[in-house]
Structure formats: C-alpha cells, structure tokens
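Worksheet: one structure, shown below.
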Number of protein chains: 2
Amino acid sequence: MSPAQRHPTMADVADRAGVSASTVSRTLRGLPTVSPEVRARVQQAARELNFAVSRQAASLVTGKTGVVAVLVPTLNSWFMGSALSSLGPLLRAAGRELNVYVIPDMTERTSFFERLPARRNADALLVFGFDLTDDETARLDDLGMPVIYVSQHAEGRPSVYVDDVAGALKATRHLLNLGHRRIAFAPTTGATGFSFSSRERLLGYQQALTEAGIPLDDELVVTMAFEDKRGLIAGVGHLLSLREPPTALFAEQDELAVAVIHTLRQARIEVPEQMSVIGFDDHQVAEWFDLSTVAQSPSDMGRQAGELALQLIDDSEADHTRHIVLPTQLIPRATTARRASPQEDDETPQTPS
Amino acid sequence: MSPAQRHPTMADVADRAGVSASTVSRTLRGLPTVSPEVRARVQQAARELNFAVSRQAASLVTGKTGVVAVLVPTLNSWFMGSALSSLGPLLRAAGRELNVYVIPDMTERTSFFERLPARRNADALLVFGFDLTDDETARLDDLGMPVIYVSQHAEGRPSVYVDDVAGALKATRHLLNLGHRRIAFAPTTGATGFSFSSRERLLGYQQALTEAGIPLDDELVVTMAFEDKRGLIAGVGHLLSLREPPTALFAEQDELAVAVIHTLRQARIEVPEQMSVIGFDDHQVAEWFDLSTVAQSPSDMGRQAGELALQLIDDSEADHTRHIVLPTQLIPRATTARRASPQEDDETPQTPS
DNA sequence: GTGAAAGCGCTAACAG
DNA sequence: CTGTTAGCGCTTTCAC
C-alpha cells in the first residue's frame, strides 16, 4: 500500500545478521564459501527484512542483466502464445526474466530497429518469425548480445525452426495418396510476418506435386486470411469456379483451414465428401473439428530456443551458427478422404453422384 | 557477432563530444538546460558510438527500473494475447519495458509468491485474471510497488475488469426475448484462473432468469472445457437427455460456444433451429461462425490497465483504489433464433406471431 | 549552461 | 571462511 517505503539493502541484512555485505552476497548467491551457521543467520535476516537483491545493482557490476528479450510481431496468435508459454517458465527456472517487445506495425518496427531498446538491457534476444531485411539483421548483429532467430532460418546465425518443407510435403502427399490430383494451396498473407513459413510450405507443396508428375497450376494457389470473411468467400469461389476445380485443399494454417471448411459448408460443399481439407499446426481447433493436419510444436520451439539462448549466454565459446530444425507429424483426421469419383480423366464432369 | 565487446559508456560519449558526462546525461534525457550546439554535438557522438543508456545504472540512482511486470496464468489464450498485444506497444511508447511472468501451474505459482522475483525489478505489477488467496494478495501488498488487478475485482485496490454481470444479463435477456424459457449456462473449469468471470457471468444469467420469473434449475448449468471433447459430448448429452431439455444455451466463452455448436451439429441438432447458442467475448472465431455473442475488449482492458499503471507509477498521490469497469455489447448473429415451436405447455404460452 | 564530486546497491578482487 | 576496498555507469546536488 505504501510503495514509497524504501527497500532494505544488503547492508541492512548484513547489520541484522552481524556480518559484512560481502558475506550476505555470497550467501544469497549460494556460494559454498560460507559457514552453515552464518548462512542460516543471513538467510533468516534476509527473510525477516523481506529482502530481495536488486538486479540493477548486481548487473552493474557483473555486466549481465539476467534478462532475455523476445521480439514478436504479436502475442495474439496460437503460435506465439504457445511458444512463450513454454519459454517463460523455462527462463524463470533459470533465474531469468522475460522481456517482451511487441512490434505490431511498421512504425513500431522502424522505431525498434532505430533505437534498439534491448541494447544493454538484455543478455540475449530471440527474434520470432519476422522476415527481416538485411539492414535489420545487420543492426541486430552489433547489438552486443547473442541473437537467436526463431521460426525462421537465418544464414550463419543461430536459429530454430520447424521443417516446413517436409511438413508441406507430408500434407500434399497425403492428399495425393488419397487419389487427389487437383490440389489447391492456400497461404495466408504475410502481414503478421510469417512469410518465411509461407514460402517454405509452398515449396513443399510444389515439390510433392512435381514428384507425382502433376504440373503446377498457379490458379490453384490462393492467398487468404482467416480473419477476412469476404476474402475467404472470394477465394473459395475462385477455386470452385475453375474449369477444373480442386478436390482437395491444403491450408497453410489450421485456423485458415477451419475457416475455409466453414465457408465451403455454407456453400453446401461437403467436407470431406466433395472437398478434402488439410491444415498445418495441430492447433487446438483442429481437434474439435476433426481436422486433418500436420502437427508442429511451438512449445518445443520455445523451449529449444530458450535453451539455446541460455547456452549462448553462458558460453561464449558455443557454436553461434547452430541451426535446430524441428520435426512435423502428419495427423490424418476426418476432413480428408479418398477422392470421391476417381474418374479416369481430368476433363470429365465432376459429378459426385 | 562478438558479444564480448564492451558497450560504450557515457564517459566515452562525453569525451568524443568534448563535454562532461553530466551534459551527456542531460542531453539524452531531453532536459532543456543544454545549449542547442552542445546538444547537437552530443547527439551525434552518441549516434556514432551506437550508445545506449544502461537502464541498470540509471535505475540504481533514480530508484525506478523502467519496467512494468505482468503476472499471467498463460499466454496461450485469446484474452491474454489481445490484452498484452495492446499493453506492449503502450508501454513501449512510454519508454517502458514489459516483463512477463508466466505462471502455468501451482508449483510455479507457489514459487512466485514465495520469492516474488518482481520485487525491486519493476515499477508496477499487473496481475491478470488470477483468483488470488488473501495470503497472496497480502504478499503483493508489500511488494513495494503499485499492483493493478486486471480482469478481476480486488477490494480496495486498483482494478480493471469487464462488467461480466451486465454482459451475462444481456446474453440471457437476448435469449429470453427470443422466447426461450429453458436456457442452459455452460461455465468453463477455472483451471486457468478465470473463475472470477465465471462466477460473475453465472450471476448475471441467474439474475436475468429471476427477473423473468423463471425458476433456476441446477440441471441446466453444466461445466465444460472446450479442450475436452469427451466432456463436451457428455455435457451436451446431459442437457439433451433432460426431461425438459433447454432450447438455448449461453456459453461462458466463444470458444466453448463454438465447440458446443460443433458437438450439437455432429449429433444432428441444428443450430439455431433446434438450439440457440450464444457466447461471450466476440473472439475471432465468433465472426467466422456467425456466433451471437457479448463482446468485450481485452485490448481495451490491456490499454486501460497499462495507463492506470503508468499513472500510479508517476503519481504516488493518485487514487490507489480506483476501479475501472469496462462495458460489454450484445452482438446478435446467426446462432440464436426465436424459439422454434412455441408449444403452449409450461407456464405461459409464448406465442410470437 | 556546464562541470566536479558524491553516491545509488551490489560484486570482485584482495587480504587476513 | 570472512571483511575491506574499489569500482560498475549513471544521475544529482552544488558550484561556477
């Protein structure tokens, strides 16, 4: 209630325990060079005074802030939420604070890279899912702390990401195996900065088709955003109105997949009877909607990135170019099915009974 | 790449600009007592050296850390994501850092309240949506900084929350106005700590029924969690198997509402034809699914809470018991409809038309 | 308008 | 094992 009252200092604890400040410091940091009795006395004094070490003062002399910073485009997404929910406790367990920089738009972004507020205020920076320019990367390079790139590959710099190409391959092959030949891909707009994954997943999709001897068709790639209902209707409409409409669709994200399914069903197109749909993520919605998908684990990603950060902080000898690539897993559920009427050519009418 | 190189200090900047450290300090803090020419010289020197003030050193003397801490049960929810996505930039604009403590389980919680790592490391603490014990609240009271309770009412302490009772009233009245008399309420389990809202919304629901002269029926209140598919099936099954099943359902959250709708449709129950469903939140899913709901704005909440925090930090004279109660808004969409067959049973015939 | 000096609370040598 | 001494990099009097 009275935030004005001053915090006790180490000197206060030292007085009360009848020792010197150094001894208090040693005790509180758990150094072994303190006799058990003194240790006990100090700890009690500290407890009684409700004493807490000031990180500011400590870091002034140690040169370490005890803070790990993360740079994120938003917090309002399944991916970021999961990743940080695992990163947070991990850092906490290592006695570190988690500092978050949310950069939702271009203005904030410019100002962040101009001022680099993390400079001198963190021991490491985790950059999540931004598609950085070379200039921006260069700025981060001389931030004076390890910078870990998460959810994106950064040449010659530590990064942690999921194997998007392989995941997209799995998704597309799954559809191919079910007999589909006309397969659409729906990437989402890169506004939130996740375009690295978009590109990679498109690549995996294309590679799978090529492997199967199916020519690529740009008409089948339609960018949509799950927040944009009208865009969804337009996108789905476009696909359905093609001379040769797709019988399956691979959406870049589960949320988009679910939105597409909803749109299809409103147009009286049955899923999976008339159109198979597969997503990517294994987002929570996937389970309730029995959505086939390719699972990735953002919480693993957060954990790995956090561990890498701690390692790079503690050991400047560590490999600063390490890449950690995380696996994906195909999870077939109820929104993908064998192509309804496996007619023997591609021109023929698409009448599913 | 070489994180080992030391950061330049104010003394370095001072040397380069040919002034004293004090002048550098004054310039960089924007104090007016610096001549334009000197100011320019200092700023250039700082830029050239890529200098950034060390918060640690500054806070050691000012006593302010420049950090606002938040305590959250998880980051993996629409509510928290939205709230922090607005809080972050707001703090940034005020030159503050955002420090996040994620407390997902009881172990972390206990350890947080025992050690209070925020002590001395932040200027204010925002506590989001925990249902705190009296002991915990007492601990926070002598943290030595303003503590703002968000998404919950805390007696005699600054808090920011939405008017859940009024919101629930609106939702329930909406259903009543559509002719429904048997209305179910589905709260979610309080594991994530959002039980304050649960309780309040239940109250609003009950109040609306009472106003309408409808006796409360415990059978109609079924706790479900949207993550738990089997629980959903059981809960929905219970409601449908009642002697007198409900014709409408009010779900505590949109995500739950959507999951219930999905479960109902799988059981071949049409929404809204056979069962009206309304949610709470105006979560993003609500729009794609045309879900009727009661809107609240977590981003407003984050913003208000942030502003309150800044105010309490800067002005210790400010009212430390202020409560900010945010409004809700009924958003009728397509999942609620007039009761289908207005049979003349029960109390009074409800015949519209 | 600017500089000199003192000191914020801690840790890191160095003695003992 | 413990105390003493010196700063860490800033901001803040107080002179000028």
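A note on names: the letters A, B, ... follow the listed sequences, proteins ahead of strands, and every chain is numbered from 1. Hydrogens, waters and symmetry mates play no part in the numbers below; they use all other heavy atoms, side chains included.
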Practice task
Give a yes/no answer on whether the side chain of S35(B) brings an N or O atom under 4.0 Å of OP1 or OP2 in dT2(C).
Solution key: yes
Handout entry: Nearest atoms (heavy-atom pairs only) where V34(A) meets T27(A)
Key = CG1-OG1, 3.7 Å
Problem - Strand-adjacent residues in residues 118-125 of chain B, judged by heavy atoms under 4.0 Å from DNA chain D - result: none
Problem - Close residues, residues 46-55 of chain B, relative to DNA chain C [heavy-atom separation under 4.0 Å] - result: none
Exercise for the section: Quick one: which residue pairs count as a ring pair (Phe, Tyr, Trp, His ring centres under 6.0 Å) with a foot in residues 87-112 of chain B, not counting sequence neighbours? Expected result: Y101(B)-F112(B)
Completion exercise
Heavy-atom closest pair (V325(B) atom, V162(B) atom, distance to 0.1 Å) is CG1-C, 4.4 Å
Fill in the blank from the handout: Smallest heavy-atom separation, Q152(B) atom then V127(B) atom, equals NE2-O, 3.8 Å
Exercise for the section: Return the minimal non-hydrogen interatomic distance between S151(A) and F79(A), and the atom names on each side. Expected result: OG-CZ, 3.7 Å
Completion exercise
Residue pairs meeting side chain to side chain donor-acceptor pair (under 3.5 Å), one or both in residues 119-129 of chain A, sequence neighbours left out, come to T65(A)-D123(A), R119(A)-N50(B), N121(A)-Q56(B)
Please list each protein N or O that sits under 3.5 Å from an N or O in nucleotides 12-15 of chain C, with the distance.
{"unit_1": "dA12(C)", "atom_1": "OP2", "unit_2": "R29(A)", "atom_2": "NH1", "d": "2.7"}
{"unit_1": "dA12(C)", "atom_1": "N6", "unit_2": "S22(A)", "atom_2": "OG", "d": "3.1"}
{"unit_1": "dA13(C)", "atom_1": "N6", "unit_2": "R26(A)", "atom_2": "NH2", "d": "3.3"}

Fill in the blank from the handout: Assign each of V24(A) and R41(B) the nucleotide of DNA chain C bearing its closest heavy atom; nearer the 5' end lies the nucleotide of R41(B)
Donor-acceptor list for residues 298-305 of chain B side chains, cut-off 3.5 Å, not counting sequence neighbours:
{"unit_1": "S299(B)", "atom_1": "OG", "unit_2": "S297(B)", "atom_2": "OG", "d": "3.3"}
{"unit_1": "D300(B)", "atom_1": "OD1", "unit_2": "R303(B)", "atom_2": "NH1", "d": "2.8"}

Practice task
Taking Watson-Crick and G-U wobble pairs with both distances under 3.5 Å, convert DNA chain D into its dot-bracket string, 5' to 3', dots for unpaired and | for cross-strand pairs.
Solution key: ||||.|||||||||||
Completion exercise
Nearest-nucleotide check on DNA chain D, A57(B) vs S20(A); residue mapping nearer the 5' end is S20(A)
Exercise for the section: Determine which pairs satisfy side chain to side chain donor-acceptor pair (under 3.5 Å) with at least one residue from residues 38-48 of chain A, sequence neighbours left out, and list them in order. Expected result: R16(A)-E48(A), Q44(A)-E48(A)
Exercise for the section: For the residue pair H153(A) and S159(A), confirm or rule out a side-chain donor-acceptor distance under 3.5 Å. Expected result: no
Exercise for the section: Return the value, rounded to whole Å, for the distance between atom CE of M10(B) and atom C1' of dG3(C). Expected result: 15 Å
Problem - With sequence neighbours excluded, residues passing side chain to side chain donor-acceptor pair (under 3.5 Å) with N76(A) - result: S82(B)
Practice task
Would you indicate whether D315(B), at its atom CG, is surrounded by more than 12 heavy atoms from other residues, nucleotides or ligands within a distance under 6.0 Å?
Solution key: yes
Practice task
To the nearest Å, give me how far apart CG (L60(B)) and C1' (dA6(C)) are.
Solution key: 13 Å
Completion exercise
Bounded by its outermost nucleotides with an atom under 4.0 Å from a heavy atom of chain A, the footprint on DNA chain D reads dC1(D) to dC10(D)
Problem - Partners meeting side chain to side chain donor-acceptor pair (under 3.5 Å) with S20(B) (sequence neighbours left out) - result: T23(B)
Problem - Side-chain ion pair, D314(A) and R96(A), N-O less than 4.0 Å - result: yes
Problem - Step-by-step side-chain contact (heavy atoms from CB on, under 4.5 Å) determination, L84(A) to L75(A) - result: CA-CA 9 Å; L84(A) 293 192; L75(A) 249 22; 3.6 Å; yes
Problem - Residues that R139(A) engages under salt bridge (Lys or Arg N to Asp or Glu O under 4.0 Å), provided they are two or more places apart - result: none
